[in-house]
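Report on the following structure.
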Protein chains: 2
Amino acid sequence: MNIGTAARQSGLPPKTIRYYEDIGLLTADRAANGYRDYSNEDVHRLRFVQRSRSLGFSVEECRQLLSLYTDRDRASADVKAIATEKLGEIDRKIAELTGLREMLGHLVENCHGDARPDCPIIDGLSGRSRDH
Amino acid sequence: MNIGTAARQSGLPPKTIRYYEDIGLLTADRAANGYRDYSNEDVHRLRFVQRSRSLGFSVEECRQLLSLYTDRDRASADVKAIATEKLGEIDRKIAELTGLREMLGHLVENCHGDARPDCPIIDGLSGRSRDH
DNA sequence: TATAGGGGTTCCAGCCACTGGAAGCTCAAG
DNA sequence: CTTGAGCTTCCAGTGGCTGGAACCCCTATA
């Protein structure tokens, strides 16, 4: 199957699939005309990467997961270790964003938002007020 | 004051300050020896950018905020509009991450994480199971 | 059979926001 | 006078694509 079909079935744009091949993440066979030729198993792997990426794994982590995916004998603990680490990162990211949200929300709440120039948001950003 | 001092007082690395000058965000005077020369007001602006960046504003947004910061006559509503938009983005980001966290958390919980090869995480990523 | 289109191919450049490193200059202390 | 820290510029790389140019291939239709 051509790259366009593989793209549609995996949910990844053709450009991205070529990029993944470029960096050696996933290679494909070539047909006689030079076109990339994807098997169903290739599409499985592409979709696997697509899902992993959309769950926040980096491309390098996808490379690891993919080798764990391919290795039928690896221990599930190996996979769990990566996923757990990622979970921690997501939690940290959420906490950080929640902190930001609170701080920025404060500033926005206190700004009357009219035609007058005085603005607690600008004051907050410039460090002139300590009202949080 | 030299760039190193300005860096220490603003919380931005010298490299970053030079980069900001490169892209025309913040310019500095030059001393006779060619060194960049920062005033206290320059440091205020640097710190303003530092805070804005750490609150999740992009460099382009910082450029806008900076001109609003400098313009003593602008309406606070202009600032509030940008900040409110940013607040929405942060909320969307938090919601997205929370969704991810839930999905990945599910997969991790269901994985026994021992020496056996069968692994719900891998299965989930490859789309072989529908147990969420 | 010519042609038009919608694939596919490669390669180069750009995005964002820095960051590292090389090569060379200036300055203050010992 | 030398040493070392700090400053200068410029070039290249990061991650993960994405856009675009220039070209090839395949199928359908006039």
Side-chain angles (χ1 to χ4, degrees), chain A residues 1-39 42-43 45-66 86 89-90 93 96-97 100, chain B residues 1-39 42-43 45-66 86 89-90 93 96-97 100:
Chain A
M1 117 186 36
N2 283 348
I3 197 170
T5 313
R8 249 164 281 128
Q9 292 189 17
S10 64
L12 288 169
K15 275 262 179 192
T16 302
I17 298 177
R18 287 193 201 99
Y19 168 72
Y20 286 163
E21 186 170 320
D22 240 42
I23 61 169
L25 188 63
L26 283 160
T27 49
D29 287 344
R30 293 294 176 130
N33 58 9
Y35 285 18
R36 286 175 182 78
D37 186 21
Y38 294 87
S39 68
D42 289 332
V43 172
R45 270 193 283 267
L46 285 170
R47 203 156 44 209
F48 181 87
V49 171
Q50 190 277 320
R51 278 161 190 267
S52 306
R53 290 286 299 126
S54 78
L55 275 174
F57 291 96
S58 73
V59 166
E60 281 318 298
E61 283 162 340
C62 287
R63 205 189 291 274
Q64 287 179 57
L65 287 170
L66 210 46
K86 195 35 91 179
E89 279 173 40
I90 293 175
K93 195 83 197 166
E96 188 191 355
L97 280 174
L100 289 189
Chain B
M1 120 190 28
N2 283 349
I3 197 170
T5 313
R8 250 164 281 127
Q9 291 190 18
S10 66
L12 287 168
K15 275 264 180 191
T16 302
I17 298 177
R18 285 191 202 102
Y19 169 72
Y20 286 163
E21 185 170 320
D22 239 43
I23 61 170
L25 187 63
L26 284 160
T27 50
D29 287 342
R30 294 295 176 129
N33 58 8
Y35 284 19
R36 288 174 182 80
D37 186 21
Y38 295 86
S39 68
D42 289 332
V43 171
R45 268 194 284 268
L46 285 169
R47 202 157 42 210
F48 180 86
V49 171
Q50 190 275 321
R51 277 160 190 266
S52 305
R53 289 284 303 124
S54 79
L55 274 174
F57 291 95
S58 74
V59 166
E60 281 317 299
E61 284 162 340
C62 288
R63 206 189 291 274
Q64 287 179 56
L65 287 172
L66 210 47
K86 194 37 91 179
E89 279 173 41
I90 292 175
K93 195 83 197 164
E96 187 192 355
L97 280 174
L100 289 189

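Here the structure is a predicted model, which means the values were calculated and not measured. Chain identifiers are assigned alphabetically (A, B, ...) following the order of the sequence lines, protein sequences preceding nucleic acid strands; residue numbering begins at 1 within each chain.
At whole-Å resolution of the value, CG in B:L26 and C1' in C:dA17 are 15 Å apart. Taking atom CG on B:N2 and atom P on C:dC25, their separation rounds to 19 Å, with Å as the unit. Protein atom CG of B:L46 is 17 Å distant from nucleotide atom P of C:dA17, rounded to whole Å. Between the CD1 atom of A:I17 and the P atom of C:dG7 there is a distance of 14 Å, rounded to whole Å. Atom CD1 in B:I3 sits about 15 Å away from atom C1' in C:dT26, given to the nearest Å. Atom P of nucleotide C:dT10 and atom OH of A:Y19 are separated by 16 Å, given to the nearest angstrom. In this structure, CZ of A:R18 is placed 7 Å from C1' of C:dT9, rounded to the nearest angstrom. Remark: C1' of C:dG7 and CZ of A:R8 are 10 Å apart, rounded to the nearest angstrom.
Considering only side-chain atoms of A:P13, the nucleotide from D:dT18, C:dT9, C:dG8 that sits closest is D:dT18. Residue B:V59 places its side chain closer to C:dC18 than to any other of D:dG16, C:dC18, C:dG8.
Checked against ring pair (Phe, Tyr, Trp, His ring centres under 6.0 Å), B:Y35 has no partners two or more places apart in sequence or in another chain. With sequence neighbours left out, the ring pair (Phe, Tyr, Trp, His ring centres under 6.0 Å) criterion links A:F48 to A:Y69. For B:S39, the side-chain hydrogen bond (donor to acceptor under 3.5 Å, both in side chains) partners at least two apart in sequence or on another chain are B:D42. Taking A:P13 as the reference, A:T16 meet the side chain to side chain contact (heavy atoms under 4.5 Å, CB included) condition, with sequence neighbours excluded. Shown here are the salt bridge (Lys or Arg N to Asp or Glu O under 4.0 Å) partners of B:R36, two or more places apart in sequence or in another chain: B:E21.
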Taking only distance into account, with no hydrogens and no angle test, what donor-acceptor pairs under 3.5 Å do side-chain atoms of residues 58-65 of chain B form with protein atoms, sequence neighbours excluded?
| from | atom 1 | to | atom 2 | distance (Å) |
| --- | --- | --- | --- | --- |
| B:S58 | OG | B:E60 | N | 3.4 |
| B:S58 | OG | B:E61 | N | 3.1 |
| B:S58 | OG | B:E61 | OE1 | 3.4 |
| B:E60 | OE1 | B:R63 | NE | 3.1 |
| B:E60 | OE2 | B:R63 | NE | 3.4 |
| B:E60 | OE2 | B:R63 | NH2 | 3.2 |
| B:E61 | OE1 | B:S58 | N | 2.7 |
| B:E61 | OE1 | B:K86 | NZ | 3.1 |
| B:E61 | OE2 | B:K86 | NZ | 3.4 |
| B:R63 | NH1 | B:I23 | O | 3.2 |
| B:R63 | NH1 | B:G24 | O | 3.2 |
| B:R63 | NH2 | B:I23 | O | 3.1 |

- [ ] Summarise protein proximity over nucleotides 19-24 of chain D in one line of letters, 5' to 3': B for base, S for sugar-phosphate only, - for none, counting protein heavy atoms closer than 4.0 Å.
- [x] BB----
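Within the 4.0 Å cut-off from OP1 or OP2 of C:dT26, not a single side-chain nitrogen or oxygen of B:R30 is found. For the OP1/OP2 pair of D:dC7 and a distance below 4.0 Å, the side-chain nitrogens and oxygens of B:R36 include no atom meeting the criterion. Taking side-chain N and O atoms only, B:T16 has a distance below 4.0 Å to OP1 or OP2 of C:dT19.
Interatomic distance, B:L97 CG to A:L97 CG, rounded to the nearest 0.5 Å: 6.0 Å.
Inter-axis angle, ends of the helix from C:dT1-D:dA30 to C:dG30-D:dC1, five pairs per end, rounded to 10 degrees: 30°.
Between A:G4 and B:N33, the residue anchored nearer the 5' end of DNA chain C, judged by the nucleotide with its closest heavy atom, is A:G4.
For the pair A:V43/A:M1, a side-chain contact is recorded, criterion being any heavy-atom separation below 4.5 Å from C-beta on.
Sorted pairs that involve residues 4-33 of chain B and meet ring-ring contact (aromatic ring centres under 6.0 Å, His included), not counting sequence neighbours, are lacking altogether.
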